[in-house]
Trainee: 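This structure is in structure tokens; I'll ask about it shortly.
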Amino acid sequence: MRIAVFIENRNGVGLTARIMNAPGAREHTFLPVTADLDGDVGRWIEEEASARLDGTRVRNLFREEETLAHAQFLEETGPRISEFVRAEAVDRLILFNDQSQRGSRVARALTGTLPVVLVQDGHLDFHYKRLRPGLRDQNWYYGSSNPAAVCVWGPATAHHLLYRTADADPAVHITGALGHSDDPDLVRAAHNPAPRPARTSRDPLRIIVLDQPLGDQRKLAAGQHREYLRAACEALAEFGEVAVKPHPSTLSGHLRWLEGLPGITVLDESALLDAAGLESYDLAVTFFSTTYLQTLRAGVPLVLFSPPPLNIVFPAVNHALLRNVGSVGELADVAGQLHRTGKFAGNNTGEPLTHFLTFREDVAERILTVVEEAEVREPRAASESAGAVPARSGTRAERALRAVRDRQTPPRSLAVLGLGFGYVTGVAIPVLTYTQALLAHSPVDIRYIDLSAYCRTEDVLDALKDIDVVLVNSLAPLWRSAIGNELLGELVSDDRKVFLYAHETEHVMAYEAEHHTLRHKEMLRLLPQLQVLCVSTAQADMFRGLGVTDPVVVYNTVPQDAHRVRARAVPGAEPRIVMVGSMQDRKGLDIFSRVAELAHAEGLPWRFAWIGHRTPRIASSTLISDRVTWMGALSRARVREELAASDVFFLSSVDDPMPLSVVEAVQQRLRVVTYRRVGSHEVLDGVPGYRSFADYTPRAAFEALRAVLGERVSEDDYREVEELFDIPAFTARMTAALGLPGPGDMPHRQDAAAAEAGEAADDGGPEELRAVIPQQIRHLNEDFKRHVRTGNVEDALRVGTEILRRRQPVDVLIGMAELRAARGQAKEACQLLAAAAIAGGDRGRVWSEISRVAALLGARGRAIRQLARKESVRAQVTHHSARLRKGD
């Protein structure tokens, strides 16, 4: 087999060498090829190839002496790779990037003529602070050129490719990363993080900043990039020596600017900095980069710095040597702690490294196998689907719409807050389907805000400043984002129109209450102030029990694929029973397995299959039966095919508010069996083709399955249920719900003119502080004083708030009050001064400081200042009298 490999950089040469050295590779002929006109890229690749490819030459589709403009060069790349493939009788092509300028031309030219296999060559799993329906970063589109197969590093990229859009159907293989997944040093660092022994405190740090060409890549304006880079270097210089390593692709203008940074060592941008080169440093800093793999190997702590204007963000990885920060002040605090204590404060939240990188020893062999077996993927021909039937009078869909359509005032702009926006779970699917439908018919400005990409509440508030309606997609952001509850509290206090679209079940609420207790309590305090939208009446009842006064039931929806195929009307000789959902105990793994065992014991020819990825939430006592075919995660199109090939959809979940998988099963006319307490029961009860079981036992579920197999699906009733979840009907309900007023009888903010100094004392001191991630930060007072000294108000407030969560020292209370007063936040300043007044300490000095700060509050602080002066004099007289009585 003749296999071409398209190479664009040095790294591509190394990856090619590993594939060529895989077991069985000698049976094939490899033809490395590149496309370069200016000579630099070709020369770099040639140098690397001479050292790595054992004499194999890399062909260039262009000659250096050709005089072509850049646009002409790109236009010629496609035809020339096609000619190369024809002339060399190429059977397969390996590509490392189908979204680069050259790679996209190659993919476009070849994907329909021969198998093109895309192999991931770098970290792709980034988050984005703002997502619009239009153009995103090129990483978002990776793998969208319809290649024959895609080989990815880990589950995160696989999920993104499989569920990026409703109709995505790529052939994805989790092979691991060439040169990384099989590296013992990296495996050891990932599973058993062992930071270096504590260094001697207060010794100067050796810090390296691994710069990225943010301006050249148009990820950040060049001026902003330099502004934040300069500020970061200046802040870090207080703790030791700072070196900057520019990215190899950095342009000369930025290199000249770097040379002008005072007190900074600029390293050679062309030198490769591997783990050995990093070992001499105490701390590394970068924006987002695959370099985290090298710092882990070297055992060097790495800070991933996301300045507020930077949209693309490296995800938080739960690891002792990785830390995400969102401001220069936070960066300085982390470096300051390492400098003072010798200990690094890594992330204690986030996802495990194995979510992004699968570790195995046979990566190259697996990739070669995928290449050998790849076939050209023909575009899917959309079969005619059942036409939409107009809603009939009095149907479920119409009744649900009338329940919320009191006053329909669609918002002009809508921001959706969530944790990720992809079709991987039922949480994101309804809101994405709704917003896309809304965009198709309404002039509404829609923005997606991924809270996992933000570190500061202020940045999110800035992104939301001109938004009419904020829709929070599920409770997850309030449990898993460090700023979720605080953000919603700020929005509510500003009388913003905030809605919560809830997907959670009682089981999930109980789990999160146990694992995120502080945030859960804060969330419960916020709930009564929000307008809650629910997916079922049972869920609405649950929220009423939590203090929500008027939850609105909007149900949900799923995309209706054009290629939907109906299941057979009569079960076959060997009925197939299927479940779709992640493998976890809440989804009923145990009962599904035991029903399969029970059917086998009774000699029934039933076949059982489960579609969904495995999760860690499986107890050791859970039965995973061999009588079930465990199919893993599949694309939406494949799920549709599997449903069409089945007879019964058996939702084994013990707790599910309104599972979308049941809606999809209804669309394809499968018989459905569920537990009576899930949300599907309220819309399917009494419909022929549906059965529920009241007792959550294998025998009860088994009997329901036996009964439903003897029933025919009612077309009319199934169509009516389908209409309830139809996209236009759901869009109308949701838009009507978003036009409803929020709970207006609850005052969110007191009139500033009515709040006096005495009220501050009655409030019980400073405002109740919200739960946050408990960071491993010591010496906070020192950080607070440093930020105040340098005029860094935002970070001074952040650190001061963190101090007040633990204790209430008078100096910090006074300092925070002064900062709040300078910002015109009189109420907050009064509360802090009241807390300082009762906190103890040198009473004369405390009241003197209160008087000084009260002077900043204008007319509102006049009474406080007079009281403080009197108390200060009283304290001094009392102290002097005590000394006289002692004879001093």
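Remember, predicted model here, so these are calculated numbers, not experimental data. For this chain, numbers begin at 1 and follow the sequence in order.
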Trainee: Can you name the residues that form a side chain to side chain contact (heavy atoms under 4.5 Å, CB included) with Lys521, not counting sequence neighbours?
Mentor: Thr517, Arg525
Trainee: Are side-chain heavy atoms of Phe239 and Asp282 found at a separation under 4.5 Å?
Mentor: no
Trainee: Test of understanding: with salt bridge (charged side-chain N to carboxylate O under 4.0 Å, His left out), list the residues that count as partners of Arg297, not counting sequence neighbours.
Mentor: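 Salt bridge (charged side-chain N to carboxylate O under 4.0 Å, His left out) list for Arg297, sorted by chain: Asp183.
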Trainee: Which residues pass the side chain to side chain contact (heavy atoms under 4.5 Å, CB included) test with Ala796, sequence neighbours left out?
Mentor: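 Residues passing side chain to side chain contact (heavy atoms under 4.5 Å, CB included) with Ala796: Phe784, His787, Val788, Leu819.
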Trainee: Could you please spell out the steps behind the side-chain contact (heavy atoms from CB on, under 4.5 Å) verdict for Val313 and Phe126?
Mentor: CA-CA 6 Å; Val313 176; Phe126 299 106; over 6 Å; no
Trainee: With no hydrogens and no angle check, is any side-chain donor or acceptor of Ser493 less than 3.5 Å from a backbone partner on Gly489?
Mentor: yes
Trainee: To the nearest 0.5 Å, what is the distance between CD on Gln529 and CG on Leu500?
Mentor: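 The CG atom of Leu500 is 12.5 Å from CD of Gln529, to the nearest 0.5 Å.
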Trainee: Rounded at 0.5 Å granularity, tell me how far OG1 in Thr250 sits from CG in Leu214.
Mentor: 9.5 Å
Trainee: Give the minimum heavy-atom separation between Ala190 and Leu353, together with the two atoms involved.
Mentor: CB-CD2, 3.4 Å
Trainee: Do His355 and Asp125 get their side chains close enough for a donor-acceptor pair, meaning under 3.5 Å?
Mentor: no
Trainee: Just to verify, what does Arg865 make a side-chain hydrogen bond (donor to acceptor under 3.5 Å, both in side chains) with, not counting sequence neighbours?
Mentor: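 Here no residue qualifies.
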Trainee: Does any part of the side chain of Phe344, heavy atoms only, come nearer than 4.5 Å to the side chain of Val303, both counted from C-beta?
Mentor: yes
Trainee: Tell me whether His515 contacts the main-chain N or O of Tyr511 through its side chain, where contact means a donor paired with an acceptor under 3.5 Å.
Mentor: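 Checking the backbone N and O of Tyr511 against the side chain of His515, a donor-acceptor pair under 3.5 Å is found.
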Trainee: Quick check against the 3.5 Å criterion: does Asn324 have a side-chain atom that pairs as donor or acceptor with the backbone of Asn347?
Mentor: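 Not a single qualifying donor-acceptor pair exists.
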Trainee: Using modelled atom types and a 3.5 Å cut-off, is there a donor and acceptor pairing between side-chain atoms of Glu330 and backbone atoms of Val325?
Mentor: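 It does not hold such a pair.
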Trainee: Can you find a pair of side-chain heavy atoms, one from Thr358 and one from Trp153, that are under 4.5 Å apart?
Mentor: no
Trainee: Arg852: what forms a side-chain hydrogen bond (donor to acceptor under 3.5 Å, both in side chains) with it, not counting sequence neighbours?
Mentor: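 Partners of Arg852 by the side-chain hydrogen bond (donor to acceptor under 3.5 Å, both in side chains) criterion, ordered by chain and then number, come out as Glu818, Glu849.
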Trainee: When rounded to the nearest 0.5 angstrom, what distance separates CG in Leu186 from OG in Ser181?
Mentor: 8.0 Å
Trainee: Indicate yes or no: at least one non-hydrogen side-chain atom of Val266 is less than 4.5 angstrom from one of Pro246.
Mentor: yes
Trainee: Please name the pair of heavy atoms, one in Tyr281 and one in Ile207, separated by the smallest distance, quoted to 0.1 Å.
Mentor: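 Heavy-atom minimum between the residues: CD2-C, 4.0 Å.
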Trainee: Enter the distance from Met523:CE to Leu530:CG here, rounded to the nearest 0.5 Å.
Mentor: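 One finds 10.0 Å between CE of Met523 and CG of Leu530.
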Trainee: Using the side-chain hydrogen bond (donor to acceptor under 3.5 Å, both in side chains) criterion, which residues pair with Asn473? Sequence neighbours excluded.
Mentor: His503
Trainee: Looking at Gln294 and Leu278, what are the two nearest heavy atoms and their distance?
Mentor: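 Result for this residue pair: CB-CD1, 3.7 Å.
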Trainee: Should Cys830 and Ile864 count as side-chain neighbours, where that means a heavy-atom distance under 4.5 Å?
Mentor: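 Yes, at least one pair of side-chain atoms sits under 4.5 Å.
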Trainee: How far does CG of Leu302 sit from CD1 of Ile208, to the nearest 0.5 angstrom?
Mentor: 10.5 Å
Trainee: Drop me the distance from Arg230's CZ to Ile264's CD1, to the nearest 0.5 angstrom.
Mentor: 10.0 Å
Trainee: Hey, are the side chains of Leu464 and Leu417 touching, using non-hydrogen atoms and a 4.5 Å cut-off?
Mentor: yes
Trainee: Where is the tightest heavy-atom contact between Lys129 and Pro309, given as atom of each residue plus distance?
Mentor: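 In terms of heavy atoms, the two residues are closest at NZ-N, 4.5 Å.
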Trainee: Measure the shortest side-chain to side-chain distance between Lys219 and Phe287 over non-hydrogen atoms and say whether it is less than 4.5 angstrom.
Mentor: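 When only atoms from C-beta onward are counted, Phe287 and Lys219 do not touch, as no gap falls below 4.5 Å.
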Trainee: Going through the distances and angles, do Arg226 and His254 end up as a side-chain contact (heavy atoms from CB on, under 4.5 Å)?
Mentor: CA-CA 9 Å; Arg226 294 175 182 178; His254 188 66; 3.4 Å; yes
Trainee: Taking Leu210's backbone N and O only, do any of them form a donor-acceptor pair with Thr286's side chain (distance below 3.5 Å, no angle check)?
Mentor: yes
Trainee: Among Val470, Val472, Val460, which one satisfies side-chain contact (heavy atoms from CB on, under 4.5 Å) with Leu487?
Mentor: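 Among the candidates, only Val460 passes.
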Trainee: Kindly write out the residues that satisfy ring pair (Phe, Tyr, Trp, His ring centres under 6.0 Å) with Phe314, not counting sequence neighbours, or none if the list is empty.
Mentor: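 Expected list: His123, Tyr292.
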Trainee: Would you name the heavy atoms of Arg786 and Asp333 that are closest together and state the gap between them?
Mentor: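 Heavy atoms only, the tightest pair is NH2-OD1, 3.1 Å.
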Trainee: Using the salt bridge (charged side-chain N to carboxylate O under 4.0 Å, His left out) criterion, which residues pair with Asp466? Sequence neighbours excluded.
Mentor: Arg447
Trainee: Could I get the full list of salt bridge (charged side-chain N to carboxylate O under 4.0 Å, His left out) partners for Glu512, not counting sequence neighbours?
Mentor: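 Here the qualifying residues are Arg480.
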Trainee: Can you name the side chain to side chain contact (heavy atoms under 4.5 Å, CB included) partners of Thr265, sequence neighbours left out?
Mentor: Ala243, Leu267
Trainee: Answer yes or no: is there a donor N or O on one side and an acceptor on the other, between the side chain of Asp494 and the main chain of Arg496, under 3.5 Å?
Mentor: no
Trainee: I need the full list of side-chain hydrogen bond (donor to acceptor under 3.5 Å, both in side chains) pairs touching residues 235-247, with sequence neighbours left out, sorted by first then second residue.
Mentor: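 As it turns out, the side-chain hydrogen bond (donor to acceptor under 3.5 Å, both in side chains) pairs with a partner in residues 235-247, which skip direct neighbours, are His247-Ser249.
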Trainee: Is a side-chain N or O of Arg820 found less than 3.5 angstrom from the main chain of Ala829, in a donor-acceptor match?
Mentor: no
Trainee: State, to 0.1 Å, how close Pro155 and Thr354 come at their nearest heavy-atom pair, and which atoms those are.
Mentor: CD-O, 3.6 Å
Trainee: Determine whether Leu296 and His319 satisfy the following criterion, side-chain contact (heavy atoms from CB on, under 4.5 Å), listing intermediate values before the conclusion.
Mentor: CA-CA 10 Å; Leu296 288 178; His319 197 283; 3.5 Å; yes
Trainee: Heavy atoms, side chains only, cut-off 4.5 Å: are Thr295 and Leu321 in contact?
Mentor: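 No, too far: nothing below the 4.5 Å cut-off.
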Trainee: Sequence neighbours left out, what passes side-chain hydrogen bond (donor to acceptor under 3.5 Å, both in side chains) with Arg456? Give chain and number order.
Mentor: Asp459
